[in-house]
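Have a look at the structure below, then the notes.
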Protein chains: 2
Amino acid sequence: MAYTISEAARLMSVSPSTIRYYDKEGLLPEVKRQNGIRMFDEVDFGWLRLLMCLKKTGMPIKRIKEYVELSKKGDATLLERYELIRAQRQFVQDQIEQLEYYMEELDFKDWYYRKALEIGSEKAIDYNEYEQETGHKKP
Amino acid sequence: MAYTISEAARLMSVSPSTIRYYDKEGLLPEVKRQNGIRMFDEVDFGWLRLLMCLKKTGMPIKRIKEYVELSKKGDATLLERYELIRAQRQFVQDQIEQLEYYMEELDFKDWYYRKALEIGSEKAIDYNEYEQETGHKKP
DNA sequence: ATAACCCTTAAAGTATACTTTAAGTCAAGG
DNA sequence: CCTTGACTTAAAGTATACTTTAAGGGTTAT
């Protein structure tokens, strides 16, 4: 099955112009055309899914393009691509850890406002109660 | 203790001009000055830490400013601020889940390239082996 | 006192990632 | 036949978050 750009866009939850932009930037190798019109098949959706994965995990478009260029060169670049994926994996792990760290700060703020709303004011909050009540350290 | 902008910047791992930009945008209430020069005390560092937390968890500067404005209005805005923090907590949780989802895709790619390097080519990879070898589903 | 060095501002510049616009092509339906 | 609607391109525009530049001020060391 092959899809037009607007169908592909809908399936990937992005706009058609975004896909055109990705294509123009060389992030989508091998998009076939019928009468000049892009037709997206399963291979293209594979690329789109990987593209979204890398994008959503914070990889800049330039770097994704590097990965695509490496892929086009075939087996000679397997190690380079492996290392790029490993680096991205590490990057995602670091991001998750960072978010979990900041979540503690938001948990404290959550407690803080619950307490303030209970008392009716934030001026009289006793921070020591946070550790006592939640067992968590104040960040 | 009070610090100059470059000391504060070093302590927060940002550039002095970034802090000036935040100040100009109204993200730092109550920064005192000596002879026109900003002096950062513990209260300011509290704001800077919260600012970094919200920024690093993806809140746009405009929204952070809204939060700061609400804070300046005092106890009358406690509920609004509570809801803003709750929304950000949810947002962070969603982000973590999304990253964990994409991590599975990267785990598959990791396996894929290990396998390809082992065989010497990516052409002969049998995807069925992924589930057999790792116990994880192919994403 | 004069150079070094840190601070100040406003305004312009940069980077990234789209998004919109303008002008045009092509196939299908009334 | 011609209008409708989806596609095409190149180029310009937008949003966000800084970063850099230019011009200047005040304290300290030589």
Please say yes or no: joined through hydrophobic side-chain contacts below 4.5 Å, possibly via intermediate residues, are A:I96 and B:Y101 part of one cluster? no

Can you measure B:Q34 atom CD to D:dG26 atom C1' for me and round it to whole angstrom units? 13 Å

Step-by-step side chain to side chain contact (heavy atoms under 4.5 Å, CB included) determination, B:Q98 to A:K56: CA-CA 8 Å; B:Q98 195 187 216; A:K56 293 279 193 177; 3.8 Å; yes

Nucleotide-resolved protein contact map, nucleotides 8-14 of chain D, B/S/- at heavy-atom distance under 4.0 Å: BB-----

Tell me whether the side-chain N/O atoms of A:S15 come closer than 4.0 Å to OP1 or OP2 in C:dC18. no

What is the distance, rounded to the nearest whole Å, between atom NZ of B:K65 and atom P of D:dA17? 13 Å

Look at the side-chain N and O atoms of A:S17 and state whether any lies under 4.0 Å from the OP1 or OP2 oxygen of C:dT20. no

Indicate, with a heavy-atom threshold strictly under 4.0 Å, whether B:P16 touches base, sugar-phosphate, or nothing. nothing

Does OP1 or OP2 of D:dT27 have a side-chain N or O of B:N35 closer than 4.0 Å? yes

Between B:T18 and B:K62, the residue closer to the 5' end of DNA chain D by nearest nucleotide is B:K62

Pair B:Q95-B:T57, side-chain donor/acceptor within less than 3.5 Å: no

Distance, rounded to the nearest Å, where A:K55 contributes NZ and C:dA17 contributes C1': 7 Å

Please step through side chain to side chain contact (heavy atoms under 4.5 Å, CB included) for the pair A:L50 and A:Y67, ending with a clear verdict. CA-CA 11 Å; A:L50 179 62; A:Y67 176 81; 3.2 Å; yes

Please report the distance, rounded to the nearest Å, between CD1 in B:I19 and P in C:dT9. 13 Å

To the nearest 0.5 Å, what is the distance between CD (A:E80) and OH (B:Y113)? 11.0 Å

Once you round it to whole Å, what is the distance between C1' of C:dA17 and CD of A:E25? 9 Å

Once you round it to whole Å, what is the distance between P of C:dT9 and OH of B:Y21? 16 Å

What is the distance, to the nearest angstrom, from the CG atom on B:L27 to the P atom on D:dT16? 14 Å

Rounded to the nearest angstrom, tell me the gap between atom NZ in B:K56 and atom P in D:dT16. 20 Å

Candidate pair B:K115 and B:E129, rule salt bridge (Lys or Arg N to Asp or Glu O under 4.0 Å), full reasoning: CA-CA 10 Å; B:K115 206 76 190 173; B:E129 287 176 21; 3.1 Å; yes

Does B:D44 come within less than 4.0 Å of B:K32, counting only side-chain N to carboxylate O? no

